[in-house]
Amino acid sequence: MLFGRYFLFLTVFVGLIVYLALPYMWTSSQERSFETIKGDPERGKYVIRVAGCVACHTDSKNGGKFLAGGYKMQTPFGVFITPNITPDKTSGIGGWDLKTFSKALTQGISPEGSHYFPSFPYNAYSKMTTQDVADLKAYLDSVTPVKTQVVDHDLTFPFNQRRGLTLWKWLYFDESPLKGNSNKSEAWNRGAYIVNGPGHCGECHTPRTLFGGLETSNHLSGVSKSFAREKIPNITNAPETGIGKWSESDLSFLLQVGMKPDGDFVSGSMGLYVREGTGMLTPADRKAIITYLLDN
Ligand code: HEC
Ligand code: HEC
């Protein structure tokens, strides 16, 4: 009996120590080197469209300034409000160097060393090439700085605890680099990179476990009700349930203007991503995405 009580005490005590130490218990398995890399803002201006950053970091519905944040993401855990990523020194990310930026984008770690919530899709961005990350940073440095009020997310306990994210990362964060497939065409490989890296399609189109990890065995198979309460279609090449019967031009049209074969337009988060992202892709990149989607 006495032992039982000690045991409980010990468990709580050890639990508390682990909890307090958690933020510092994450080490990335991927270290990038930037020494020989030079970012090109012109290329970055394109990468930002592929990666859909503008859709989340601009509050376009309420007339928010370009990349100044304030876009609200409703989830069962509360509301995430995206931060300002213009180069303003106090409310934005001005003054961050490339390494700090890359750590945020590809490892989900803030300059203070705490974890970002996976509502910032760094899980997919961890697959981005170092050149793309550097180009993106060079472009972000060149946009107009906007000063904003810094607002915190409105999350319910315990989901507002960043420490708990160490556990999430241990369970679900996969930052291993993408493997190319030499048996497939260059377009297919480019498509695989866009879909699984910057395009972060799976972050929405792949179902999640109860705690928000991606069910990798159900890659791109759709979600009946996402955290944002959207119905997200299956975009595997399954003929009946997925997009297997869509023609290349159907898919190209969808990515370019958001129109489905039945004449309806996509809305919600996809509508936003088409408008602020995929609609601006080159025909070659659209074709690459389609090549991969129809053959994977
Ligand atoms: C699906 C929406 C979404 C997309 C797409 C997205 N972000 Fe974010 N981003 C967020 C959220 C939410 C946060 C806040 C995370 C947190 O507080 O833990 C965030 C945080 C950040 C931060 C940290 C800012 C700070 O002040 O600490 C940076 C930098 C950032 N995003 C850059 C980008 C870039 C660059 C892209 C495109 C490659 C991008 N984001 C795409 C939602 C998004
Ligand atoms: C932010 C979440 C999000 C991201 C990221 C996203 N999608 Fe979507 N997608 C949706 C939603 C939601 C719909 C349904 C929209 C509707 O029907 O109004 C959708 C619909 C689609 C459709 C139409 C399918 C059908 O059966 O109607 C295709 C194709 C598609 N997405 C492809 C992609 C590709 C390719 C990517 C990555 C390059 C991508 N999506 C990234 C949320 C997303």
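Numbering of ligands and ligand atoms starts at 1, following listing order. Note: hydrogens, waters and symmetry copies are ignored here, and every other heavy atom, side chains too, is used.
For atom 8 (Fe) of ligand 1, the tally of protein N/O/S atoms lying closer than 2.8 Å stands at 1.
For the ligand labelled ligand 1, residue Ser110 lies outside the 4.0 Å heavy-atom shell. Distances shorter than 4.0 angstrom do not occur between any heavy atom of Glu203 and any atom of ligand 1. Contact annotation: Ser267 has at least one heavy atom less than 4.0 Å from an atom of ligand 2. The shell of residues lying under 4.0 angstrom from ligand 2, judged by heavy atoms, excludes Ile194.
Side-chain contact, Thr166 with His115: a donor N or O sits under 3.5 Å from an acceptor N or O. Between Glu276 and Thr58, the side chains place no donor N or O within less than 3.5 Å of an acceptor N or O (distance only, hydrogens not considered). Judged by distance alone, the side chains of Gln131 and Thr129 never bring a donor and an acceptor atom under 3.5 Å apart. In the model, Thr86 has no side-chain atom that pairs as donor or acceptor with a side-chain atom of Asp88 under 3.5 Å.
Of the protein's heavy atoms, Lys260 NZ, 3.1 Å lies nearest to atom 17 (O) of ligand 2. With hydrogens left out, the protein atom closest to atom 29 (C) of ligand 2 is Leu254 CD2, 3.5 Å, a heavy atom. Protein heavy atom nearest atom 23 (C) of ligand 1, with residue, atom name and distance: Tyr116 OH, 3.3 Å. Among all non-hydrogen protein atoms, the one lying nearest atom 41 (C) of ligand 1 is Tyr125 OH, 3.3 Å.
Near Phe117, the atoms of ligand 1 lying under 4.0 angstrom from a non-hydrogen atom of the residue are 16 (C), 18 (O). Less than 4.0 angstrom separates some heavy atom of Glu230 from each of these atoms of ligand 2: 12 (C). Counting atoms of ligand 2 from 1 in the listed order, those under 4.0 Å from a heavy atom of Trp246 are 23 (C), 24 (C), 25 (C), 26 (O), 27 (O). Under a 4.0 Å criterion applied to the non-hydrogen atoms of Leu136, ligand 1 contributes the atoms 35 (C), 38 (C). Residue Ser119 approaches ligand 1 through these ligand atoms, each under 4.0 Å from one of its heavy atoms: 1 (C), 2 (C), 12 (C), 42 (C). Of all atoms in ligand 2, numbered sequentially from 1 with element shown, those under 4.0 Å from a heavy atom of Leu293 are 35 (C). When each atom of ligand 1 is checked for a heavy atom of Gly52 under 4.0 Å away, the hits are 5 (C). Ligand 2 places these atoms under 4.0 Å from at least one heavy atom of His200: 5 (C).
For ligand 1, the polar-atom distance check against Arg162 finds a nitrogen or oxygen pair separated by under 3.5 Å. At least one N/O-N/O distance between His153 and ligand 1 falls below 3.5 Å.
No donor-acceptor pair closer than 3.5 Å links the side chain of Lys137 to the backbone N or O of Asp132. Distance alone, capped at 3.5 Å, is enough to place a donor-acceptor pair between the Asn237 side chain and the Leu294 backbone. Judged by distance alone, with hydrogens and angles left aside, the side-chain atoms of Glu230 form no donor-acceptor pair with the main-chain N or O of Gly268 at under 3.5 Å. At least one donor-acceptor pair under 3.5 Å links the side chain of Asp174 to the backbone N or O of Ser176. With hydrogens and angles disregarded, a donor-acceptor distance shorter than 3.5 Å links the side chain of Thr106 to the backbone of Ser102.
Atom CZ of Phe253 has 12 or fewer heavy atoms from other residues, nucleotides or ligands within 6.0 Å. The number of heavy atoms from other shown groups lying within 6.0 Å of NZ (Lys103) does not exceed 12.
A salt bridge is absent between Asp135 and Lys45; no separation between the charged side-chain nitrogens and carboxylate oxygens falls under 4.0 Å.
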message: What verdict does the side chain to side chain contact (heavy atoms under 4.5 Å, CB included) test give for Ile194 and Tyr292, after you've listed the backbone C-alpha separation in whole Å, the side-chain angles of each residue and the deciding distance to 0.1 Å?
response: CA-CA 9 Å; Ile194 296 177; Tyr292 171 76; over 6 Å; no
message: side-chain hydrogen bond (donor to acceptor under 3.5 Å, both in side chains) for Arg162 and Ser114? Distances and angles first, verdict last.
response: CA-CA 7 Å; Arg162 289 182 187 272; Ser114 63; 4.8 Å; no
message: Walk me through whether Asn189 and Leu178 qualify under side chain to side chain contact (heavy atoms under 4.5 Å, CB included).
response: CA-CA 10 Å; Asn189 278 286; Leu178 275 185; over 6 Å; no
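Here Met128 has no heavy atoms under 4.0 Å from ligand 1, in either its backbone or its side chain.
Only protein N, O or S atoms were considered, and those under 2.8 Å from atom 8 (Fe) of ligand 2 are His205 NE2, Met270 SD.
Each of Tyr125, Tyr193, Tyr122 was scored for a ring pair (Phe, Tyr, Trp, His ring centres under 6.0 Å) with His200, with one residue passing: Tyr125.
Sorted by first then second residue, the salt bridge (Lys or Arg N to Asp or Glu O under 4.0 Å) pairs that include residues 242-262, not counting sequence neighbours, are Glu240-Lys245, Glu248-Lys287. The ring-ring contact (aromatic ring centres under 6.0 Å, His included) pairs that include a residue from residues 49-88 are Phe77-Phe159, Phe77-Phe227, Phe80-Phe117, Phe80-His153, where partners are two or more places apart or lie in different chains.
A single hydrophobic cluster is seen to contain both Leu105 and Tyr172, as judged by linkage of ILVMFWY side chains at heavy-atom distances under 4.5 Å, directly or through other members.
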